[in-house]
Amino acid sequence: MAASDTAEPVRPDEIKAIPVRHPGRWVAAAIVLVLAAALAKSLATNKRFEWGVVRQYFLTSQILHSVLVTIELTVLAMGIGIVLGVVLAVMRLSPNPLVSSASWLYIWFFRGTPVLVQILFWYNISALYPRLSLGIPFGPQFAHFSANAVIKTFVAGMLALGLNEGAYMAEIVRAGIISVEEGQTEAAQSLGMTRLQTMGRIVLPQAMRVIIPPTGNETISMLKTTSLVSAIALAPPELLGAVQTVYDRTYQVIPLLLVASIWYLILTTVLTAGQFYLERYFGRGATRDLPETPLQRLRRNVFSFGHATVEVPGASGEGR
């Protein structure tokens with residue numbers, strides 16, 4: 001017993017930690033780098049891109065004004081689509097079969113016909129209804145308007161895009177409403193709240209977490225879909241219509257299309273950033289940890305680079 005008490009403790013052998021190798025990742029990274037380098041070289045050396053022409057027209061007043069028209073058309077069409085989508089979603093969930101069927105019929109029609117066809121239809125609405133009137137249905141009319149005077153090209157494009165978007169937003173809002181537990185509605189009704197109060201104060205605020213991501217995608221899609229309005233010669237033109245006007249005169253098709261593409265990418269990037277922060281805001285109560293912002297992710301990667309260590313129990317020599 002005395003000899004065992006005085007003996008030195010046996011030190012375990014040091015463990016050599018060998019990291020797992022991932023050769024497939026290195027091969028994939030090398031392929032991506034080669035393709036990126038080839039693309040960069042093509043963009044830099046191919047004179048047919050005419051980057052000088054791109055710089056010449058990128059910030060001209062005609063292009064900048066068309067960007068504003070594109071933004072305006074996107075905002076108005078999405079506003080119509082969101083408001084109409086909420087109304088249609090509530091109608092679709094109504095226990096009244098007539099109201100629910102009317103909502104289903106609207107969604108079926110506008111999702112089943114191409115957007116371009118709807119734009120052309122609204123542009124030529126005067127061929128079907130030369131004069132529009134306001135009044136009591138099947139009763140006296142109070143005011144009369146010429147269809148060509150009221151529904152001009154901008155209004156035609158806005159109505160076509162907005163009414164079409166309403167059908168898609170209706171399904172998005174309906175999915176968000178269904179995602180809220182029925183117990184929330186039952187609890188609100190037990191407190192004496194009406195159906196509209198329950199929908200506006202209880203259901204929709206909780207459904208926003210589900211509604212926001214696809215709505216952001218729809219907004220980005222709407223931004224690009226506004227290019228279809230160029231088919232009816234919008235005046236003043238939106239972005240694609242403006243570059244078409246220029247290259248019809250100068251025959252510089254590729255550089256002008258690059259101008260439009262770069263502006264669409266810039267606007268899409270801004271909308272994507274806004275969508276991220278909206279999702280982060282409405283997702284506060286759904287997840288324990290909020291997703292990092294791009295700045296937080298960059299800060300973490302910069303300050304943690306080179307400081308990663310692998311701790312192996314028994315290899316540090318503690319307790320000697």
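All figures in this text were calculated on a predicted structure; none of them were measured in a lab.
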For this session: Indicate yes or no for a side-chain donor-acceptor contact from S100 to the backbone of P97 under 3.5 Å, with no hydrogens or angles considered.
Result: no
Exercise. How would you list, by chain and number, every residue that makes a side chain to side chain donor-acceptor pair (under 3.5 Å) with E171, sequence neighbours excluded?
Worked result: R92, R174
Exercise. Between Y168 and F110, is there a donor-acceptor pair closer than 3.5 Å when you use the side chain of the first and the backbone of the second?
Worked result: no
Problem set entry | Validation row: V243, Y57 side chains within 4.5 angstrom (heavy atoms) | no
Exercise. Are the side chain of Q118 and the backbone N or O of L161 linked by a donor-acceptor pair below 3.5 Å?
Worked result: no
Exercise. When rounded to the nearest 0.5 angstrom, what is the spacing between CG in L256 and CD in Q56?
Worked result: 9.0 Å
Exercise. Which of these passes side-chain contact (heavy atoms from CB on, under 4.5 Å) with V203: V180, L93, V90?
Worked result: V180
Problem set entry | Non-hydrogen side-chain atoms of Y123 and I151 separated by less than 4.5 Å | no
Problem set entry | Hphob cluster co-occupancy, V150 + W122, side-chain heavy atoms under 4.5 angstrom | yes
Exercise. Looking only at atom types and distance, does a side-chain atom of N46 sit under 3.5 Å from a main-chain N or O of S42, one as donor and one as acceptor?
Worked result: no
Problem set entry | Atom pair OG1/OH of T269 and Y264 - distance to nearest 0.5 Å | 14.5 Å
Exercise. Do you know the tightest heavy-atom contact between I63 and A242?
Worked result: CD1-CB, 4.4 Å
Exercise. Is the backbone of E181 close enough, under 3.5 Å, to the side chain of Q184 for a donor and an acceptor to pair up by distance?
Worked result: no
Exercise. Between L159 and V83, is there a shared hydrophobic cluster once you connect ILVMFWY residues whose side-chain heavy atoms come closer than 4.5 Å?
Worked result: no
Exercise. Between CG of N124 and CD1 of I119, what distance do you get to the nearest 0.5 Å?
Worked result: 12.0 Å
For this session: Tell me, with the steps shown, if L257 and L240 meet side chain to side chain contact (heavy atoms under 4.5 Å, CB included).
Result: CA-CA 8 Å; L257 290 178; L240 181 60; 4.3 Å; yes
Problem set entry | Closest non-hydrogen atom pair, A188 against I202 | CB-CG1, 4.0 Å
For this session: Would you kindly confirm whether W108 and V99 end up in one hydrophobic cluster when ILVMFWY residues are joined by side chain heavy atoms under 4.5 Å apart?
Result: yes
For this session: Sorted by first residue and then second, give each side chain to side chain donor-acceptor pair (under 3.5 Å) pair with at least one member in residues 79-88; sequence neighbours left out.
Result: none
Problem set entry | Distance in Å, M78 CE paired with E165 CD, rounded so as to fall on 0.5 Å steps | 4.5 Å
For this session: Would you confirm whether S221, through its side chain, and N217, through its main-chain N or O, come within 3.5 Å as a donor-acceptor pair?
Result: no
Exercise. Which pairs, with at least one residue in residues 240-258 and sequence neighbours excluded, count as a side chain to side chain donor-acceptor pair (under 3.5 Å)?
Worked result: T250-Q252
Exercise. Counting only N and O atoms by type, is there a donor-acceptor contact under 3.5 Å from the side chain of S101 to the main-chain atoms of L98?
Worked result: no
For this session: Of all the heavy-atom pairs spanning V69 and P236, show the shortest one and how long it is.
Result: CG1-O, 3.9 Å
Problem set entry | Separation between CH2 of W263 and CD1 of I71, rounded to the nearest 0.5 Å | 8.0 Å
Problem set entry | Cluster overlap L223 with L73, hydrophobic side-chain contacts below 4.5 Å | no
Exercise. Shortest non-hydrogen contact from I177 to A207?
Worked result: N-CB, 3.9 Å
Problem set entry | salt bridge (Lys or Arg N to Asp or Glu O under 4.0 Å): pairs with one or both residues in residues 28-42, sequence neighbours excluded | none
Exercise. Just by distance, do the side chain of T70 and the backbone of L239 share a donor-acceptor pair under 3.5 Å?
Worked result: yes
Exercise. What heavy-atom pair brings G157 and I232 nearest, and what distance separates the two atoms?
Worked result: N-CD1, 4.2 Å
Problem set entry | Distance, nearest 0.5 Å, that separates NZ of K152 from CE of M158 | 13.0 Å
Seminar exercise, completed: Scanning both residues in full, the closest heavy-atom pair of M169 with I82 reads CE-CG1, 4.1 Å
Seminar exercise, completed: Sorted by chain and residue number, the side chain to side chain contact (heavy atoms under 4.5 Å, CB included) partners of L258 (sequence neighbours excluded) come out as F49, W51, V54, I254
Exercise. Can you tell me if CG on L196 sees more than 12 non-hydrogen neighbours from other groups inside 6.0 Å?
Worked result: no
Problem set entry | side chain to side chain contact (heavy atoms under 4.5 Å, CB included) partners of I212, counting only residues at least two apart | M208, L278, E279, F282
Exercise. Is there a side-chain contact between E72 and F154, using heavy atoms and a 4.5 Å cut-off?
Worked result: yes
Exercise. Quick one: do L163 and V75 end up in the same hydrophobic cluster if we chain Ile, Leu, Val, Met, Phe, Trp and Tyr together by side-chain heavy atoms under 4.5 Å apart?
Worked result: no
